[in-house]
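The block underneath contains the structure these notes are about, expressed in structure tokens.
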2 protein chains.
Amino acid sequence: MSENREKIQEEIKKQGDLVRKLKSAKESKEKIDVEVKKLLALKAQVAEEDESASGTGQKFMLKTPKGTRDYNPQQMALRQGVLDKIVAVFKKHGAESIDTPVFERKEVLTGKYGEDSKLIYDLKDQGGEILSLRYDLTVPLARYLAMSKISSIKRYHIAKVYRRDNPAMTRGRYREFYQCDFDIAGTYDQMLPDAECVKVVSEILSGLDIGDYVIKLNHRLLLDGMFEACGVPADKFRSICSAVDKLDKSPWADVKREMMEEKGLDETTADQIGEYVQLAGGQELVEKLLQDPKLSAVKSAVSGLEQMRKLLTYCEVLGLTNEIKFDLSLARGLDYYTGVIYEAVLTGVPEISTNGGEMEPVTLGSVAGGGRYDNLVGMFDPRGKQVPCVGVSIGVERIFSLLEAKQAAEGIKIRTTDVEVYVASAHKGLHGQRLKVITELWDGGIKSEHSYKENPKLLVQLQHCEEQGIPLALILGDSELKRGVVKLREVTTRKEEEISRENIAEELSRRLSLLKN
Amino acid sequence: MSENREKIQEEIKKQGDLVRKLKSAKESKEKIDVEVKKLLALKAQVAEEDESASGTGQKFMLKTPKGTRDYNPQQMALRQGVLDKIVAVFKKHGAESIDTPVFERKEVLTGKYGEDSKLIYDLKDQGGEILSLRYDLTVPLARYLAMSKISSIKRYHIAKVYRRDNPAMTRGRYREFYQCDFDIAGTYDQMLPDAECVKVVSEILSGLDIGDYVIKLNHRLLLDGMFEACGVPADKFRSICSAVDKLDKSPWADVKREMMEEKGLDETTADQIGEYVQLAGGQELVEKLLQDPKLSAVKSAVSGLEQMRKLLTYCEVLGLTNEIKFDLSLARGLDYYTGVIYEAVLTGVPEISTNGGEMEPVTLGSVAGGGRYDNLVGMFDPRGKQVPCVGVSIGVERIFSLLEAKQAAEGIKIRTTDVEVYVASAHKGLHGQRLKVITELWDGGIKSEHSYKENPKLLVQLQHCEEQGIPLALILGDSELKRGVVKLREVTTRKEEEISRENIAEELSRRLSLLKN
């Protein structure tokens with residue numbers, strides 16, 4: 001470690017202490033924020049120092065790129081379990097799957113993400129096309145539909161996307177992360193596909209062991225109509241929408257200040273918006289708002305409300321009432337939404353994580369989101385032909401983080417292999433016999449392994465079985481082999497018996513299927 | 001299309017005619033090669049023209065980046081089927097899985113791939129670390145093992161890798177492509193893990209419907225010993241090895257010329273190599289070579305041969321004889337191999353594909369390859385600690401291409417969804433009833449879908465079932481619903497009967513499990 005790095009580490013420690021003191025003294029948010037900012041700046045300095053040290057080749061840093069991680073076998077087993085459950089729901093709803101390249105021609109991504117475009121990873125110009133890593137799976141889907149001239153599809157796509165964002169990895173925020181998208185494209189009747197997306201999210205979140213959740217629903221037409229009714233100029237709809245989107249993280253006072261100081265709204269307008277965005281409820285709220293004198297005078301507001309009424313009716317038929325909420329503060333950041341918007345949040349008690357010594361509540365926030373985007377495909381079609389789309393994206397990284405923390409807390413250990421039988425030697429000189437037996441098992445379709453040492457110790461072999469949760473062990477010994485038998489050990493009970501060496505794969509298959517039932 | 005582009009297209013046509021004429025006249029290879037080169041240059045010109053046209057923004061090109069492709073639902077179903085089979089074999093052998101980021105810090109990849117390093121995709125320097133897309137899964141594995149201080153693992157990794165190579169997409173060669181790797185890392189006894197890798201490849205290739213294959217085996221120590229015995233200077237071993245590697249594509253005369261003219265060998269040395277690399281066989285060849293006066297005088301040759309003897313003995317126990325071949329011409333391009341090397345090739349009759357009008361034999365070549373690399377992990381460990389590794393990589397893209405062509409030729413259509421029941425309306429006004437029924441089915445775990453139109457035509461709904469291969473359709477009608485029943489139609493036989501509307505999910509589950517058995 002360089003001297004400078006040590007010095008900064010010392011400062012970080014001091015600054016961390018200060019922040020904790022202010023927090024426990026319940027000092028004002030502004031005061032705390034100032035000190036937290038200083039702390040973050042110090043941490044960034046260390047990171048920069050590390051990067052430049054490695055850049056100059058002074059020392060080789062053995063690490064993954066910033067904001068990324070390897071998945072070890074335990075994490076892979078967890079991840080595969082979660083993805084399998086999600087895919088099962090997508091398939092239950094009849095979705096097909098597609099895949100697109102990890103990078104796109106840069107122009108495909110240009111102009112689709114508003115302010116967030118600065119977070120796109122570009123590839124170096126090495127001659128030929130100018131490329132960027134995909135930022136989400138929605139724009140590639142739209143490009144695919146336009147390019148393949150597909151006018152209807154129900155597809156899922158599970159793949160990694162890339163954002164040069166500030167990673168907060170303890171909260172499941174990475175620069176390389178999975179998205180699990182389900183989208184329905186096609187010209188259909190109002191709200192039928194939109195309601196099914198809510199059902200899909202609900203089935204997925206109910207099937208994962210992550211506690212209670214609520215799916216917030218709103219409509220872009222209603223938001224626009226509300227802005228119009230409050231007197232927001234039309235050219236400010238999108239930027240005011242972005243401000244409203246911050247309500248899940250910031251208090252109304254901050255959002256109001258942004259609307260007035262940065263976006264130039266007058267206080268009356270802002271206050272009127274403030275009253276609406278506090279509203280949330282169900283069908284009764286829709287009816288109430290349809291009677292609202294200001295809203296009912298604006299065409300798009302009425303249209304948005306009527307669609308919300310239909311959506312809520314369908315949701316009720318689909319068995320969804322307690323887990324959904326019509327919420328006027330839901331805005332979603334992305335520009336391309338044109339209709340219904342969704343966002344699912346976990347409502348369980350936030351857990352506490354230690355992030356570099358500091359105790360922080362794990363605010364998992366949104367675990368799914370999406371909406372209707374009817375104009376995106378048309379941006380790619382040479383003749384502007386539209387394909388209406390609606391879809392949801394499951395925030396699996398946050399779900400992985402949550403389940404990982406939960407399993408760690410509960411001391412749960414997942415198996416990382418499926419091995420059913422371990423073939424062991426009781427003494428030296430048996431590796432040839434082991435190879436013969438295990439060949440029969442493999443050829444008989446039995447998941448099995450053995451030691452890659454010629455003469456492993458029996459204890460080591462049995463320990464491996466116990467650590468890995470392998471249910472059965474075959475123990476070969478010369479005296480048994482002479483009698484035409486081998487020892488079969490049930491690993492958990494340590495019960496042993498002799499079985500015939502002949503037709504050993506068949507016998508084990510029989511026993512394994514008994515064990516499963 | 002620009003005028004210039006049209007002109008070139010015309011020239012391409014003429015040049016193609018010329019090449020075909022020369023070929024059918026059985027003209028000399030040199031003469032044909034000259035004209036083929038001209039043809040390729042013309043084709044490259046068109047590609048460049050296309051790229052620059054899109055680069056200047058004159059027109060928006062709706063395409064995926066060069067050398068990449070989207071996978072449509074049919075291709076995804078095929079791909080998933082192949083990958084499932086491969087993963088099943090990996091798991092049968094007790095492998096865990098890991099994942100690494102799609103990009104690595106550039107220095108991780110530097111100096112690992114020899115000449116091929118020029119094919120690495122770099123990311124643009126946008127501040128922070130300098131990154132490159134992974135070129136294979138082997139170097140990231142070595143980085144992972146060193147970084148996590150893991151001294152033994154048996155893992156598989158299925159993921160995309162990136163090479164700025166000249167794509168030949170009709171033959172399954174892309175710039176973005178899947179690798180399916182199985183590796184065994186750890187300090188074990190000679191040839192036990194190495195032989196299992198051969199078994200894994202054999203089980204995978206036998207399980208896929210791609211015809212006969214042979215797994216060629218050789219040993220880097222034997223190659224080096226052979227070069228030494230023939231009088232190649234030690235500093236030329238790797239470059240002569242690269243020349244030998246071309247024997248699967250070029251005749252010996254060309255390789256010999258390269259050895260003499262480019263690599264500076266004298267003719268006697270080259271001729272001696274030429275005699276050895278024509279040899280192939282089994283255990284008897286090992287014994288013969290151990291008696292060879294020149295080879296038996298070189299320590300590494302003897303050591304390589306003794307290891308080959310052990311490998312072939314183990315392979316025989318593992319039930320592998322006809323599908324393996326000890327082949328002295330097998331060299332493998334990569335620098336990092338230190339022991340056994342493998343390569344599996346298909347031996348079925350090559351099929352013919354039409355590539356832009358020209359008839360070309362589909363030479364699928366290698367469909368799996370790998371070897372032992374004992375020094376790679378040590379290149380990442382700060383103290384140079386070695387972790388010996390051996391592994392194989394399945395060339396799935398070529399397998400996808402082959403199976404796709406085969407299915408197209410045989411007119412086989414794979415289902416792209418798993419939908420079991422389609423809920424249809426017999427007449428108008430039933431979308432609410434449909435939603436109720438399908439909610440029960442979904443909640444009962446039945447894979448089902450319905451139309452997103454309120455009043456779809458019955459014929460259209462039934463056609464969808466037939467096209468998609470959905471086995472059962474429920475047809476709702478007012479008169480049936482009044483009587484508490486719905487019509488159940490078996491799609492293939494078109495047989496219809498009435499079943500009770502009550503407990504409909506249970507009844508369908510029962511019938512579906514009967515259909516499966």
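We name chains A, B, ... by the order of the sequence lines, and we start the count at 1 in each one.
Neither the backbone nor the side chain of A77(A) comes within contact range of chain B; no heavy atom of the residue lies under 4.5 Å from a heavy atom of that chain. Residue I470(A): no heavy atom, backbone or side chain, is found under 4.5 Å from chain B. For a residue to count as touching a neighbouring chain, one of its non-hydrogen atoms must lie under 4.5 Å from one of that chain's; by this rule I120(A) touches chain B with the backbone only. When heavy atoms are compared at a cutoff of 4.5 Å, D125(A) does not approach chain B at all. Contact annotation for T313(A): neither backbone nor side-chain heavy atoms come within less than 4.5 Å of a heavy atom of chain B. Looking at Y162(B), only its side chain comes within 4.5 Å of chain A, counting heavy atoms on both sides. With a 4.5 Å cut-off on non-hydrogen atoms, I130(A) does not touch chain B at all. For F90(A), no part lies near chain B; criterion is any non-hydrogen pair under 4.5 Å. Proximity to chain B is limited to the side chain of L133(A), based on heavy atoms less than 4.5 angstrom apart. Contact annotation for R69(A): only backbone heavy atoms (N, CA, C, O) come within less than 4.5 Å of a heavy atom of chain B. For chain A, the nearby part of I153(B) is the side chain; its heavy atoms alone come within less than 4.5 Å. For a residue to count as touching a neighbouring chain, one of its non-hydrogen atoms must lie under 4.5 Å from one of that chain's; by this rule E196(B) touches chain A with the side chain only. Both the backbone and the side chain of K453(B) have a heavy atom closer than 4.5 Å to some heavy atom of chain A. Contact of K436(A) with chain B is made through backbone and side chain together, with heavy-atom distances under 4.5 Å. Proximity to chain B is limited to the side chain of I184(A), based on heavy atoms less than 4.5 angstrom apart. When heavy atoms are compared at a cutoff of 4.5 Å, R164(A) approaches chain B solely by way of its side chain, counted from C-beta outward. Only the side chain of E203(A) has a heavy atom closer than 4.5 Å to any heavy atom of chain B.
For the set Q190(B), Q75(B), H431(B), Q74(B), the count of heavy-atom pairs under 4.5 angstrom toward chain A peaks at H431(B). Residue with the most contacts toward chain B among K447(A), M191(A), H450(A): K447(A) (heavy-atom pairs, distance under 4.5 Å). When P140(B), S152(B), S132(B), G445(B) are compared by the number of non-hydrogen pairs under 4.5 Å with chain A, G445(B) comes out ahead. With respect to chain B, the highest number of heavy-atom pairs below 4.5 Å among R415(A), K160(A), E420(A) belongs to K160(A). When each of I446(B), I150(B), D381(B), I98(B) is scored by its heavy-atom pairs under 4.5 Å with chain A, the top score falls to I98(B). Listed options I438(B), V419(B), T416(B) were ranked by heavy-atom pairs under 4.5 angstrom with chain A; first place goes to T416(B). For chain B, the option among G186(A), G319(A), S448(A), P382(A) with the highest count of heavy-atom pairs below 4.5 Å is S448(A). The candidate from E96(B), E104(B), K106(B) with the greatest count of non-hydrogen atom pairs under 4.5 Å with chain A is E96(B). Heavy-atom pairs under 4.5 Å with chain B were tallied for G432(A), P101(A), P193(A); the largest tally goes to P101(A).
At least one side-chain heavy atom of D122(A) sits less than 4.5 Å from a side-chain heavy atom of Q126(B). Using a 4.5 Å heavy-atom threshold, the side chains of Y178(A) and D99(B) count as touching. Within the 4.5 Å cutoff, the side chain of T100(B) has no heavy atoms near those of the T68(A) side chain. Between F380(A) and L62(B), some side-chain heavy-atom pair lies under the 4.5 Å cut-off. Side-chain contact between D443(A) and K199(B) is present, with heavy atoms from C-beta onward closer than 4.5 Å. Annotation: side chain of E176(A) is in contact with side chain of V102(B) (closest heavy-atom distance under 4.5 Å). Side-chain contact between D70(B) and M147(A): present, with at least one pair of heavy atoms (C-beta onward) separated by less than 4.5 Å. W442(A) has its side chain within reach of L318(B): a pair of non-hydrogen atoms, C-beta onward, lies under 4.5 Å apart.
A salt bridge links K91(B) with D418(A); the closest basic N to acidic carboxylate O contact falls under 4.0 Å. Residues K310(A) and E454(B) are paired through a salt bridge, judged by an N-O separation under 4.0 Å between the basic side chain and the carboxylate. With respect to E129(A) and R175(B), no salt bridge is recorded, no charged nitrogen being found less than 4.0 Å from a carboxylate O.
In plain terms, the two heavy atoms of G94(B) and T417(A) that are nearest each other are O-CG2, 3.5 Å.
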Item to check | Residues Y452(A), D189(B); criterion side chain to side chain contact (heavy atoms under 4.5 Å, CB included); working and verdict | outcome: CA-CA 6 Å; Y452(A) 297 122; D189(B) 285 325; over 6 Å; no
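Shown here is Q433(B), whose CD atom has more than 12 heavy atoms of other residues, nucleotides or ligands within 6.0 Å. More than 12 non-hydrogen atoms from other residues, nucleotides or ligands lie less than 6.0 angstrom from NZ of K118(B).
Counted by atom type alone, Y71(B) and H157(A) present zero donor-acceptor pairs between their side chains at under 3.5 Å.
Taking OG1 of T439(A) as the start and OH of Y314(B) as the end, the distance is 12.0 Å to the nearest 0.5 Å.
Taking Y144(B) as the reference, nothing meets the ring pair (Phe, Tyr, Trp, His ring centres under 6.0 Å) condition, with sequence neighbours excluded.
When each of H93(A), K154(A), K92(A) is checked for a side chain to side chain donor-acceptor pair (under 3.5 Å) with E449(B), only K154(A) meets the rule.
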